[in-house]
Amino acid sequence: MAKKITDENGNTYVQKKPFYKRVWFWILVVLVLAVVFGVSGNKGNSNKTSVSSSSSAKKAETNSNASAPTENKTQKWSQSDYDGLAKGDIMNNGAGGANMDDVIAKFGKPSSSTDSSVNNMSTRTSIWTNTNGGFTANVTLSFMKQANGTYLLYSAASTGLK
């Protein structure tokens, strides 16, 4: 309730609550804090999702680790590197696309990888983050599993490359 104040001339004024004593202010504070902690909490979870993938994905990651070079802290991608990737035909199981092992050998291990399977078609989406030292630069590549167990590139996306 607002206080009514009467001055010496008989005028009545209503004294409003300060904004920090209003309900809408505290609801806004809680929402902002939830968003800030939610965003900062997801940074550590991106690596956990690749660790908690299926056993076949762990086996594939173990095999690719043996052939991959020592991982660099900053993965060096340029726009010309990205543009030079051969993307295969999605309707033909990625035929003609770049081999995932070759991409890993050139650019290092991805920051995260996710395996999925739909209609007997297995795919792996790998993400290289903070590429070229840029905070917002990343490369996302999708590979399709072949009958011989290799993966071929069929889709690619990037942001922030120079």
Worksheet item: Any side-chain heavy-atom pair from Leu152 and Met144 closer than 4.5 angstrom?
Response: no

Worksheet item: Side chain of Asp89, backbone of Met91: donor and acceptor closer than 3.5 Å?
Response: yes

Discussion item. For the backbone of Tyr20 and the side chain of Trp26, can you confirm whether one donor and one acceptor N or O come within less than 3.5 Å of each other?
Written reply: yes

Worksheet entry | More than 12 heavy atoms from other groups under 6.0 Å of CG on Asn120 | no

Worksheet item: Nearest heavy-atom pair of Thr129 and Asn138: which atoms, and what distance?
Response: CA-CB, 4.0 Å

Item to complete: Using the rule that two of Ile, Leu, Val, Met, Phe, Trp, Tyr join whenever any of their side-chain heavy atoms come within less than 4.5 Å, decide whether Leu31 and Val23 are in one cluster.
Response: yes

Discussion item. Working to the nearest 0.5 angstrom, can you tell me the gap between Thr12 OG1 and Asp7 CG?
Written reply: 8.0 Å

Fill in: Shared hydrophobic cluster, Val35 / Val30 (ILVMFWY, side-chain heavy atoms < 4.5 Å)
no

Worksheet entry | Path from Trp24 to Leu33 over hydrophobic side-chain contacts below 4.5 Å | yes

Worksheet item: Do Ser142 and Thr125 have side-chain heavy atoms sitting under 4.5 Å apart?
Response: yes

Discussion item. Could you go through Arg22 and Lys16, starting from their C-alpha distance and side-chain angles, then the distance that decides it, and tell me whether this counts as side chain to side chain contact (heavy atoms under 4.5 Å, CB included)?
Written reply: CA-CA 10 Å; Arg22 295 183 180 251; Lys16 294 182 178 180; 3.6 Å; yes

Fill in: Residue pair Tyr151 / Thr123: nearest heavy atoms and the distance that separates them
CE2-C, 4.4 Å

Item to complete: Using atom types as modelled and distance alone, determine if a side-chain donor or acceptor of Asn119 lies under 3.5 Å from a backbone N or O of Met121.
Response: no

Response to the item:
In this structure, CG of Asp102 is separated from OG1 of Thr150 (nearest 0.5 Å) by 9.5 Å

Less than 3.5 Å apart, which donor and acceptor atoms pair up between the side chains of residues 79-86 and the rest of the protein, not counting sequence neighbours?
| residue | atom | partner | partner atom | Å |
| --- | --- | --- | --- | --- |
| Gln79 | NE2 | Asp83 | OD1 | 3.0 |
| Ser80 | OG | Ser78 | OG | 3.0 |
| Asp81 | OD2 | Ser78 | N | 3.3 |
| Asp81 | OD2 | Ser78 | OG | 3.1 |
| Tyr82 | OH | Ala156 | O | 3.0 |
| Tyr82 | OH | Ala157 | N | 3.3 |

Discussion item. Looking at every non-hydrogen atom in both residues, tell me the closest pair between Asn93 and Gln146 and how far apart they are.
Written reply: O-NE2, 2.5 Å

Worksheet item: Taking a hydrophobic cluster as the set of Ile, Leu, Val, Met, Phe, Trp and Tyr residues connected by side-chain heavy atoms closer than 4.5 Å, whether directly or through intermediates, do Val29 and Phe37 fall within one such cluster?
Response: yes

Practice prompt. Assess whether atom CG of Asn9 is packed by more than 12 heavy atoms of other residues, nucleotides or ligands within 6.0 Å.
Written response: yes

Worksheet item: Angle class for the Trp77/Phe107 ring planes (parallel below 30°, perpendicular above 60°, tilted otherwise)?
Response: parallel

Worksheet item: For Trp128 and Leu141, what are the C-alpha separation, side-chain angles and deciding distance, and is it a side chain to side chain contact (heavy atoms under 4.5 Å, CB included)?
Response: CA-CA 9 Å; Trp128 284 261; Leu141 304 178; 3.5 Å; yes

Worksheet item: Among the clusters formed by ILVMFWY side chains lying less than 4.5 Å apart, do Val139 and Tyr154 turn up in the same one?
Response: no

